[in-house]
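Both ligands and their constituent atoms are indexed starting at 1 by order of listing.
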Amino acid sequence: MAAIGNLVEALGNFPRDAGPLYQQLAAAITRAVERSDLLPGTRLPPERALALSLKLSRTTVVQAYARLREAGTIESRHGSGTWVRRAGKTAWPSPQEHEVSSAFRRNVVFRSLVERSGDAISFVSAQLPPLPEIDEAARAVARRGARSLGHNGGYFPMGLPALRQAVAAHFTRGGLATREEQVLITCGAQQAISLIAGLLVARGEAVVTEDPTYIGAIDVLVSAGARVLAVPGAAEGLDLDRLRALMALRPRLVYVVPTYHNPTGGLLPEPVRREIARLADELQVPVVEDNTLAELGLAGDAPPPIAALAKNAPILSIGSLDKLFWTGLRVGFIRGPEAWIVRLGRFKALSDLGGPLVSQAMATLLLEHVPAAIKTRRREVSAKLALLTKLIEKYLPAWTWKKPAGGLLLWARMPAGDAEELAQIAARHGVALVSGSANSPDHRFADHVRLPIVADAATMKEGIARLGRAAAEYQPRPRATGFDVIV
Ligand SMILES: Cc1ncc(COP(=O)(O)O)c(C=O)c1O
């Protein structure tokens, strides 16, 4: 049976095509059935309830259901309701795919990357255009030729040796002495999180995260079958007492984003870093620190990784060159105790036999340009942030936020209402939006919106103006307790 919330998530935001709304709703339900996001036999909510949740008229839903009945996608019986037809050709998902399907229902960001996302102005994925250093590195690698990369073939599951050395030197310069053997090169920081989950987390085991936290980490952990225990707060607001209590229960791992938190943009204070390092050491609970955004600070130098504060603690430090230089580079890394790096390397070998060497050779060169790239991105993101906040003050004057210390997101709070509902209306105004609740393992922060600070000025102006119109149209309904019942 589909709780209304689940069904709304499975449909995503629409419209994405021209044509009447009822057709688009019918198409969205059909797509959800074809992808096994709605399984045969799933009961659909009554028309009125779905209309309320999707901010549509009841007639639109009645017409959409009628169309789906004609097409044989759903069945209804008077008095028994409406359900997805059981005799369809839909293949039943594996248990793993079932978890992935639930993750993607919530994760609008990854979903927009996998599925066709239409031509709406997107405030979904936080990606900057490539820096010119990318093109220079590509040319330099081309000049040297492929033979300079691997004399014995091209499989390097642990990473190109020159890049492992360069990353180790990068950590050492940043205050954490590191040897080549302590570094595994990954396909972006995202794969780093997946490999760590594969090594450490079995179905049903507890893991601890901040709340809110990085969407992509929640989904990897949930898809691995983990029980995610969320500590309220992040960065400056982290509830340290709660974290201590949960670490004492010896979870399989603790995942934190200390240096420019995704999505809040905060910086984890020094005393809290020390305490996390101490607890990891004393309790031998693995801590995964995701420093993917550490090079995107808006002022001052980023602090060294937490691992620098407890040399022998089981701490894995994730980093990436993608956010700084270009997300298409797909080069990330994990730094940790050597034995763990070898174990993670086995998972990497099974999954892909090693990442592409051309990107890794480029990354080796790019590491020399990190200080200059930090300055360029700081100027770029500061200007974009100034514009974004000015536009919000103009078009969404009741929204509030705290200035981020770094990263690529503004974590804004609406005065009232539910950002998922606003996202439905915004989609009809041609803007795609991510609700705060997608960043929360416990689905909190429904009144928050996560706005990437990446669009060019013209797109940002038009996007926020549209969002202002959507917000003016949105009338939050009072939250009735128990509304989200199974129907
Ligand atoms: C905290 C965090 N970790 C990991 C990633 C994924 O990074 P990559 O592009 O290197 O896979 C992101 C991307 O936004 C991120 O913000």
Counting each atom of ligand 1 from 1 as listed, which ones have a heavy atom of [X] under 4.0 Å away?
{"X": "K323", "result": "13 (C), 14 (O)"}
{"X": "G188", "result": "10 (O), 11 (O)"}
{"X": "R330", "result": "8 (P), 9 (O), 11 (O)"}

Taking the side chain as every heavy atom from C-beta outward, state whether [X] and [Y] have any atom pair closer than 4.5 Å.
{"X": "P305", "Y": "F171", "result": "yes"}
{"X": "W326", "Y": "L131", "result": "no"}
{"X": "Q127", "Y": "V454", "result": "no"}

Return a yes/no value for [X]: is any of its N or O atoms, backbone included, closer than 3.5 angstrom to an N or O of ligand 1?
{"X": "S320", "result": "yes"}
{"X": "L293", "result": "no"}
{"X": "D322", "result": "yes"}
{"X": "T327", "result": "no"}

Ring centre gap for Y255 and Y214 strictly below 6.0 Å: no
Give the residue and atom name of whichever protein heavy atom lies nearest to [atom], and the separation in Å to one decimal.
{"atom": "atom 1 (C) of ligand 1", "answer": "D290 OD2, 3.3 Å"}
{"atom": "atom 5 (C) of ligand 1", "answer": "Y214 OH, 3.4 Å"}
{"atom": "atom 16 (O) of ligand 1", "answer": "N262 ND2, 2.9 Å"}
{"atom": "atom 7 (O) of ligand 1", "answer": "A189 CB, 3.6 Å"}

Side chains of [X] and [Y]: is there a donor and an acceptor less than 3.5 Å apart?
{"X": "Q191", "Y": "D352", "result": "yes"}
{"X": "E338", "Y": "Q182", "result": "no"}
{"X": "T259", "Y": "R273", "result": "yes"}
{"X": "D290", "Y": "T292", "result": "yes"}

Would you be so kind as to tabulate the donor-acceptor pairs closer than 3.5 Å made by side chains of residues 385-395, with sequence neighbours excluded?
unit_1, atom_1, unit_2, atom_2, d
T389, OG1, L385, O, 2.9
T389, OG1, A386, O, 3.1

Close approach, H261 and ligand 1, non-hydrogen under 4.0 angstrom: no
Q191 near ligand 1 by a heavy-atom separation under 4.0 Å: no
